[in-house]
Amino acid sequence: PPPPLATEIPRPAWWTAKPPAAASELVPVPSSIRKAVQDLMDATWRDVVTRDRHRAPGARPAVPKFEVVQVSRNENLKQWQEYVKRRRGMASQLTHEHLLKGVLTERAGPELGTPDTSANEFLLWHGTQPSACANICSHDFLLNLSGTHRGALLGHGLYFA
């Protein structure tokens with residue numbers, strides 16, 4: 001059967017705000033969600049030297065641990081409906097051999113939702129300043145702005161971990 005129309009895609013049950021269909025609302029989440037994100041960050045952290053994390057042999061890690069200080073959720077019904085439509089489309093095109101296995105964020109607890117692995121949906125991290133987060137949520141994630149404020153170590157693109 002064809003996927004439901006966008007108007008048939010409801011707001012997620014876990015949303016707390018009810019902004020109008022085309023509006024965004026950046027919502028702080030409960031401390032239990034921040035703790036779940038911190039636990040997942042701790043479980044997936046790797047002490048690896050990369051081009052942006054230099055370290056002399058035997059020295060302490062440049063970044064020994066991340067501390068999650070704030071987690072917010074963007075509640076935007078129009079963006080959510082578009083995302084769900086695209087996720088359904090991807091899931092319908094993927095075959096078993098396309099599906100990723102062993103993704104570290106599969107360890108996430110139920111507090112962070114249940115990604116649709118049939119669409120290769122997994123949690124990814126994008127760290128930024130709170131002001132940038134608010135701007136992304138109100139004006140979209142614009143690829144042409146990637147790397148303009150901090151540089152692009154590996155070229156222009158969207159970086160997630």
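Below, each value reflects all heavy atoms present in this structure, side chains not excepted, and no hydrogens, waters or symmetry copies. Everything quoted here is computed from the prediction, not taken from an experiment.
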For the student: nearest non-hydrogen atoms of [X] and [Y], plus distance:
X      : Y     : result
Trp80  : Pro10 : NE1-O, 3.4 Å
Glu111 : Ala36 : OE1-CB, 3.7 Å
Ser92  : Gly89 : OG-O, 2.7 Å

Quiz item: Taking the side chain from Asp116 and the backbone from Glu121, do they hold a donor-acceptor pair closer than 3.5 Å?
Solution: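 Between the backbone of Glu121 and the side chain of Asp116 there is no qualifying donor-acceptor contact (under 3.5 Å).
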Separation of [Y] [atom2] from [X] [atom1] (nearest 0.5 Å):
X      : Y      : atom1 : atom2 : answer
Asn135 : Leu26  : CG    : CG    : 11.0 Å
Arg87  : Ser118 : CZ    : OG    : 8.5 Å
Asn120 : Met90  : CG    : CE    : 6.5 Å
Lys101 : Thr117 : NZ    : OG1   : 9.0 Å
Leu40  : Lys35  : CG    : NZ    : 11.5 Å

Honestly curious: do [X] and [Y] fall in one hydrophobic cluster under the side-chain, below-4.5 Å linking rule?
X      : Y     : value
Leu123 : Trp45 : yes
Val29  : Met41 : yes
Phe66  : Val37 : yes

Practice problem: Show your working on side chain to side chain donor-acceptor pair (under 3.5 Å) between Asn74 and Gln79 and close with a plain yes or no. | Solution: CA-CA 9 Å; Asn74 180 26; Gln79 288 179 354; 3.2 Å; yes
Exercise. Would you mind checking if Glu82 and Lys78 are paired as a salt bridge, meaning a charged N to carboxylate O distance below 4.0 Å?
Key: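 No.
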Determine whether [X] and [Y] make a side-chain contact, defined as any pair of heavy atoms from C-beta on separated by less than 4.5 Å.
X      : Y      : answer
Thr105 : Leu124 : no
Ser72  : Gln70  : yes
Ile33  : Leu112 : yes
Lys85  : Ile9   : yes
Val103 : Glu106 : yes
Val84  : Glu8   : no
Val68  : Val71  : yes

Quiz item: Which pairs pass side chain to side chain donor-acceptor pair (under 3.5 Å) with one or both residues in residues 9-18, sequence neighbours excluded?
Solution: none
